[in-house]
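Here is how names work: the chains are called A, B, and so on, in the same order as the sequence lines, proteins then strands, and each is numbered from 1.
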Number of protein chains: 2
Amino acid sequence: MTNYPEASRILVAIDCIIFGFDGKDIKLLLIKRNFEPEMGKWSLMGGFVNKDEDLSDGATRILYNLTGLKNIYVEQLATFGKAGRDPGERTVSVVFFALIKIDEHDSEAVKSHHAAWIALEDRPRLIFDHEQMVVQAIEHLKYNAALHPIGFELLPERFTIPQLQKLYEAIYNIPIDRRNFSRKLLSTGLLIDTGDKNSHSATKKAILYKLDEEKYKAKFHSFWNFMPDSMRRSD
Amino acid sequence: MTNYPEASRILVAIDCIIFGFDGKDIKLLLIKRNFEPEMGKWSLMGGFVNKDEDLSDGATRILYNLTGLKNIYVEQLATFGKAGRDPGERTVSVVFFALIKIDEHDSEAVKSHHAAWIALEDRPRLIFDHEQMVVQAIEHLKYNAALHPIGFELLPERFTIPQLQKLYEAIYNIPIDRRNFSRKLLSTGLLIDTGDKNSHSATKKAILYKLDEEKYKAKFHSFWNFMPDSMRRSD
DNA sequence: TCAAAAGTGTTCTGTATACACCCATGG
DNA sequence: CCATGGGTGTATACAGAACACTTTTGA
C-alpha cells in the first residue's frame with residue numbers, strides 16, 4: 001500500500017446523455033432539477049461516483065435509477081475537466097453515452113425524477129457545460145451511426161426498414177432513398193424477417209425484422225474506409 | 001457557491017500514450033519508474049491533475065515535460081476508473097492519446113525521465129491497468145488512421161509517399177499495393193510537392209511532400225462509410 | 001549495366017446511386 | 001378505386017484492386 005499524500009483529491013461525477021427515438025424525432029432524456037445546486041434548471045442526469053464503485057457501474061446505476069432499464073447500450077463518451085466548469089467546487093465529470101429503446105423505459109421512474117423526453121431541437125439551456133456534452137454526444141451519434149450498426153439500439157426489438165430509415169433521416173437530417181437504403185440494410189445480413197408485418201398502418205404493411213444478434217456482435221467493428229477494403233470486412 | 005459535503009473526493013491522474021514512428025516500427029514512449037510506487041517497473045508517463053488545472057492542460061504539461069514539445073497531436077482517449085485499479089488508493093485516470101514526430105523530441109528530457117522508445121511488439125509488462133490502456137490506444141490508432149489523416153502526425157514535416165506507406169503497413173501489419181496507395185493519397189489533395197527529393201537513398205529518390213495544412217483542417221472529419229456518399233465528402 | 005525502389009497507366013469488378021415499376025391497404 | 005406507402009428491379013457512374021510498364025539511382 002502506498003499513499004499519495006501531496007496530491008489533491010477531486011470530486012468525480014458521472015453524467016449521462018440518454019438518446020431515444022419516438023419514430024419521428026431523436027430525443028434526449030433531461031431532468032428539471034428539484035435539488036441544489038441550480039434547482040429549477042435543466043440538466044443531464046448524473047451523480048457522484050461512489051467510493052469503491054467502478055465508473056461503469058456508476059453509469060449503470062444512474063441509468064437504472066432513471067429508466068428502470070438494465071441492459072442499455074452505454075459507452076463512455078469523454079471526461080470533462082475544465083477547472084471552473086462547476087462553480088461550486090472543482091468537479092471532473094465522466095460523461096456516458098446511452099441509447100435506449102424509448103418504448104421500454106419506466107415512465108414512473110422518469111416522472112419521479114422530474115425528467116422528460118425532449119427533441120434535440122427543442123432542448124432547453126442546460127447548466128454548467130452540459131450543452132457542450134450534448135453537442136459532443138450528437139457528433140458521436142452521427143459519426144458512429146454511420147460506421148456501426150448502433151441505430152438498432154434506438155428501435156424496438158422488432159422494427160421495419162422504413163422505421164430504421166426514418167431514424168437515420170432524423171440523425172442526419174437528410175432524405176434517404178427508400179430503395180437503396182433497403183437494399184443496403186438487407187445486404188448486411190443483420191436483419192431477420194420475423195414473418196410478421198406491421199399492424200397499425202393505413203397503407204401496405206411493412207415487414208417486421210429483428211436483429212441477428214450473432215452477426216451483430218461479430219460485425220460490430222467491421223466498417224472502415226481509408227484502408228484497403230479487406231480491412232472493412234475483416235476484424 | 002455550493003458545496004457537496006457528503007460526496008467523496010478521488011485522486012485524478014493523467015496518463016499519456018505516446019506513439020512515434022521511426023520509419024520501420026510504431027513505438028511507444030514508456031518510462032522505467034525511479035520513484036514509488038512500483039519503482040523499477042515500466043509504466044506510461046503520467047501524473048496527478050493539479051488543483052485548478054484543466055485536464056487538457058495537465059496532459060499538455062506532462063507531454064511537454066517528457067518530450068520538450070508543445071504542439072503535439074493530443075486527444076482524450078478514455079477514463080479508467082475501476083475501483084481497485086491502483087492498489088495504493090482509489091485513483092481515476094484520464095488517458096490521453098498522443099502522436100509525435102519522433103525526430104523532433106528532446107532526447108535529453110526523455111533520458112532524464114528514464115524513458116525509452118519501445119516497439120509495440122517489444123513492450124514490457126506495465127503496471128496497473130496500463131496494458132489495457134495501451135491496447136485501447138492501439139485500437140484507436142488503427143481505427144482512426146483508417147478514417148482520418150492522422151498518420152501525418154507521426155512523420156517529419158517533409159515526407160515521401162513510400163514513408164507514409166511503411167507507416168500504414170506498420171499500423172495494420174499488412175502489405176499495401178504501392179501504386180494504389182500512392183494514387184489514393186494524391187487524390188485526397190492533401191499533399192504538396194515540395195520540389196525536393198529524398199536524399200540518402202540507394203535507388204531512385206522519392207518526392208518529398210508536405211501537408212496542405214488548410215485542406216488538412218478542412219477535411220479532417222470527412223471520412224464516412226455507411227451513410228450516403230454525400231456525407232463522406234461534406235462536413 | 002543491373003538490381004532495387006519510385007513513378008505512371010490500364011483494365012476489371014464491385015458497390016452506390018438514380019430512377020421505374022409493381023403490390024398491398026384502408027378509406 | 002385510388003392515394004399512400006412498401007417492396008423489387010435495372011442501368012450507370014465511380015472507386016478500389018490487380019497488374020504491367022517505365023524511370024531513376026548508386027554500386
Side-chain angles (χ1 to χ4, degrees), chain A residues 23-24 146-147 149 155 158-170 172 174-209 219 222-234, chain B residues 23-24 145-147 149 155 158-169 172 174-209 219 222-234:
Chain A
K24 193 162 153 293
L147 296 166
L155 294 178
R158 291 156 27 114
F159 54 87
T160 68
I161 290 184
Q163 267 183 293
L164 195 54
Q165 182 178 340
K166 287 200 185 70
L167 170 61
Y168 275 90
E169 290 178 330
Y172 297 104
I174 50 165
I176 298 175
D177 185 274
R178 221 166 24 90
R179 299 146 295 187
N180 294 331
F181 185 80
S182 169
R183 252 186 311 99
K184 196 182 281 190
L185 253 294
L186 290 172
S187 76
T188 64
L190 257 49
L191 303 191
I192 299 174
D193 187 334
T194 64
D196 292 335
K197 302 215 171 190
N198 194 12
S199 38
H200 309 300
S201 167
T203 61
K204 182 172 181 177
K205 286 167 179 150
I207 298 169
L208 280 166
Y209 291 92
K219 288 199 175 188
S222 56
F223 298 96
W224 299 88
N225 191 15
F226 196 65
M227 275 289 93
D229 252 9
S230 58
M231 296 290 310
R232 286 200 209 172
R233 274 173 284 269
S234 72
Chain B
K24 192 161 154 294
L147 296 166
L155 294 179
R158 292 155 27 114
F159 53 86
T160 68
I161 291 184
Q163 268 183 294
L164 196 54
Q165 181 179 340
K166 286 201 186 69
L167 170 61
Y168 275 90
E169 290 178 331
Y172 297 105
I174 51 164
I176 299 175
D177 185 273
R178 220 163 28 87
R179 297 144 303 183
N180 294 331
F181 184 78
S182 169
R183 251 189 308 101
K184 196 182 279 189
L185 253 294
L186 290 171
S187 76
T188 63
L190 258 48
L191 303 190
I192 299 175
D193 187 334
T194 63
D196 293 335
K197 301 213 169 189
N198 195 12
S199 38
H200 308 301
S201 166
T203 62
K204 182 171 181 177
K205 286 168 178 147
I207 298 169
L208 280 166
Y209 292 91
K219 287 201 175 184
S222 56
F223 299 95
W224 299 89
N225 192 16
F226 197 65
M227 276 287 94
D229 252 8
S230 58
M231 296 288 311
R232 284 200 209 172
R233 274 172 284 266
S234 71

Q: Grab the CD1-P distance between A:Ile161 and D:dG5 for me, whole Å please.
A: 18 Å
Q | Between P of C:dA6 and OH of B:Tyr209, the distance in whole Å | A | 12 Å
**Q.** Length of the NZ-P vector between A:Lys166 and D:dT4, whole Å
**A.** 15 Å
Q | B:Leu186 CG - C:dT8 P separation (whole Å) | A | 8 Å
(Q) Could you work out, with side chain to side chain contact (heavy atoms under 4.5 Å, CB included) as the rule, every residue matching A:Ser201, not counting sequence neighbours? (A) A:Thr203, A:Lys205
**Q.** Side chain B:Lys219, main chain B:Thr188, donor-acceptor under 3.5 Å
**A.** yes
Q) Looking at OH of B:Tyr172 and CG of B:Leu167, how far apart are the two atoms once the value is rounded to the nearest 0.5 Å? A) 9.0 Å
Q | Whole-Å gap separating C1' (C:dA5) and NE2 (B:His200) | A | 17 Å
Q | Distance, nearest 0.5 Å, that separates CG of B:Asn180 from CG of B:Leu185 | A | 11.5 Å
Q.
For nucleotides 18-27 of chain C, give me one character per nucleotide, 5' to 3': B if any protein heavy atom sits under 4.0 Å from the base, S if the only such contacts are to the sugar-phosphate, - if neither.
A. BBB--BBBS-
(Q) Using 0.5 Å steps for rounding, measure from the CD atom of B:Glu169 to the CG atom of B:Leu164. (A) 10.5 Å
Q: Calculate the interatomic distance between B:Lys184 atom NZ and C:dG9 atom P; express it in whole Å.
A: 19 Å
Q.
According to side chain to side chain contact (heavy atoms under 4.5 Å, CB included), who are the partners of B:Lys24, at least two apart in sequence or on a separate chain?
A. B:Asp22
Q: Quickly work out the B:Asn198 CG to D:dT24 C1' distance and round it to whole Å.
A: 13 Å
Q) When the distance from CD1 of B:Ile174 to C1' of D:dG16 is rounded to whole Å, what number comes out? A) 14 Å
